[in-house]
Amino acid sequence: MRIPNHISQQVDKLREAIDRHNYNYSVLDEPSIPDSEYDKLFLELQKLEQSYPQLITLDSPTQRVGATPLEKFSQITHRSPMLSLNNEFDTSSVEAFDRRVGEKLGTNEVEYAVEPKFDGLAVSLLFENGSFVTGATRGDGYIGEDVTLNLRTVKSIPLHLRKSDKNRIPFLLEIRGEVLMLKEDFEKLNLQQREKNEKEFMNPRNAAAGSLRQLDPRVTATRRLAFFAYGIGEFEGEEIPRDTHSNVMKYLASQGFPIAKECDVVRGSVALLSYYQKVKELREHLPYDIDGVVYKINSLAQQKEMGFVSRAPRFAVAHKFPAQEVVTELLGIDVQVGRTGVLTPVARLRPIFVGGATVAHATLHNEDEINRKDVMVGDSVIVRRAGDVIPEVVGVVIERRPSNASRFMMPNQCPVCGAKVIRMSDEAVTRCTAGLFCPAQRKQSIMHFASRRGMDIEGLGEKLVDKLVDNGFVVTPADLYTLDDEKLTSLSRMAKKSAINLLAAINKSKSTTLASFIYALGIRNVGVTTARELARYFGDFNKLKEANVKTLQGIPDVGLVVAQSITDFFSEKHNIEVINKLFSDPVGIELKEERDIRKMQDGNNANKISGKTFVLTGALPNMSREDAKERIESLGGKVTSSVSKKTNYVVVGAASGSKYDKAVELGIVTLDEAKLLELLKN
Ligand code: 9MJ
């Protein structure tokens, strides 16, 4: 059957549009059309290809998804070997590397291309006449497994190259890079696995490996994998740069391959080390796991001159970060009691250095988690500490389990107060039933009451709260306001001056906002955002106190569970007694009207924030993005995730990428942290 001209033109047009939108979405992380529009284009192309199967090509976007499963992977011999890098772990080895290079090349300050070292799986993608034909794992460096069908499902891998300036396409090109799973997608995948009662993955790397080495490409297609290019192997084609590695990387980016935003070019060992430091600080803010940085001599001629030693190049090294995952012995499992009575099992570990600190405890979350991970006391466990995140046990090395390993049992009594514990059938957690009669819960709720986002009582830390509760000076939050310097100075290690400061802070906290007060009460399931919503909706504490479930459910983001928690809280006699005490003499909490505060702010900076839309991008030097978001929202601003014409400000931190470019393109005001703080200052 002859294919009408307008049909092949329409097919070309659809493919071009789908590829472009896919690139914007998967590589630039800047969706250009809504999903529904994309689906429409895709469906139209699929229909045309069904009617005219002769038009189907291997690099059509419809050919990414779900081929039939394989029996086993076949093997692919790489055109040029996939080298491994030598690892360096300390400053002096990096200096020695730079010295060796300098001596061999007879150059003083060698130029290096520097890049983050992805913690994923190395793959090689072969493009022939511009089309993606095969893709393989690294294997032994010479022969890998053919995972082409799985790699086709990775949306950020282009299925064909773009024509170069000279309108040419390389005859042959091997692209080298790493397949990985973004941290965010890893969390989502594990959540799904948990819901399906299937085994969770230990870390993003394992999840990526498990997804890529799947015999059924339909499974891989459901996993969100990412790809980043970091070099090329064999190539034939005039348009490929032959001067520097950084130009090769630019070429790859121009061909639609994702490359790390953190790539740079520097000179000399001092600059190498400061790059290492910079990326190390960025590490926890990056969307993917990295395990170090890579230094490569930038000049390809100089690379050739350096040559290889056995299977590793002499022109590049990996400078590894301290490990974030280590194996240590699980000595025991302690049980801690939190503010809402939740019993949390905590691993007691043989102390070990991980992620830059010595760790002796790690969370085990809850009983189900222990069972799912099959953790037993005495096991060798894998402990992960990434950035400021609480260390956690992610898995067990089963082969090393000793014969005397013992199972953990959740106690049936609260380990702090001895009261009965219960586990609701629909909850993963076990709780102490004693409420505020349990000293552990009492301490935690007082800490919460005094926290920064609550009543903001400066200087009331954990140790002091322990003493105040243990001495019987404080039973409920209202008792904080009955403290005097005599009581305080009777506590060990409490100097007169600290006592005076604390009393002043307690006194100051009496004047607060409705939102902070609601949050401070520690109602289950009511966090900062919900507290703010409730304050905005009711504007009056008594109205909130008397609201019923139905009214509460009418508030944005308040579902049945939250509504029920609120009414449960106010139906508890004990809670009402404490609240009454807080509002009457001698305490006399005073809630400033939010509107008054807004008026005050409108006078100066709030009109610059209230009603304005902010986008935060990159890591800020001194505050977390969460903090910045909260502070902007507390002044009536809105924080969204993508830059558009409606955005008023883009707050730019380190390693900000496309959002910054977009802001510049649209002429939107950009702020650094200092300027943001100036705006927030009130
Ligand atoms: C990773 N893993 O990110 C190389 N790598 O170069 C980077 N690996 C590499 N480069 C030559 N950025 C061999 C391996």
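We count ligands from 1, going down the list as the structure has it; atoms in each ligand are counted the same way. Since the model is a prediction, treat every value here as computed from it, not as a measurement.
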With atoms numbered from 1 as shown, which atoms in ligand 1 lie under 4.0 angstrom from a non-hydrogen atom of [X]?
X	result
K296	4 (C), 6 (O), 7 (C), 9 (C), 10 (N)
F118	1 (C), 2 (N), 3 (O)
P116	3 (O), 12 (N)
E115	7 (C), 10 (N), 12 (N)

Checklist entry - Tell me, which protein residue and heavy-atom name are nearest atom 4 (C) of ligand 1, and how many Å apart are they? => result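 Protein heavy atom with the smallest distance to atom 4 (C) of ligand 1: Y230 CE1, 3.3 Å.
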
Checklist entry - Tell me: protein heavy atom nearest atom 13 (C) of ligand 1, and distance? => result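 Its nearest protein heavy-atom neighbour is L83 O, 3.6 Å.
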
Checklist entry - Nearest 0.5 Å, what's the CD-CG distance between E195 and N197? => result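 It comes to 10.0 Å.
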
Checklist entry - Evaluating non-hydrogen atoms only, which member of D291, L85, V317 is closest to atom 11 (C) of ligand 1? => result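 Selected option, by shortest heavy-atom distance: L85.
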
Can you check whether [X] reaches [Y] side chain to side chain, under 4.5 Å on heavy atoms?
X	Y	value
K296	V294	yes
L105	I297	yes
L126	E174	yes

Item to check | E200 bridged to R372 by N-O distance under 4.0 Å | outcome: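 Yes.
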
Item to check | Contact partition for P313 relative to ligand 1, non-hydrogen atoms under 4.0 Å | outcome: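 It is neither part, as no heavy atom is under 4.0 Å.
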
Checklist entry - How does E178 reach ligand 1, by side chain, by backbone, by both or by neither, if only non-hydrogen atoms under 4.0 Å count? => result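 Just the side chain.
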
Item to check | For G231 against L252, the heavy-atom pair lying closest together | outcome: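 Scanning both residues, the minimum pair turns out to be O-CD1, 3.9 Å.
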
Item to check | Within 6.0 Å of CG in N167, more than 12 heavy atoms from elsewhere | outcome: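 Enclosed.
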
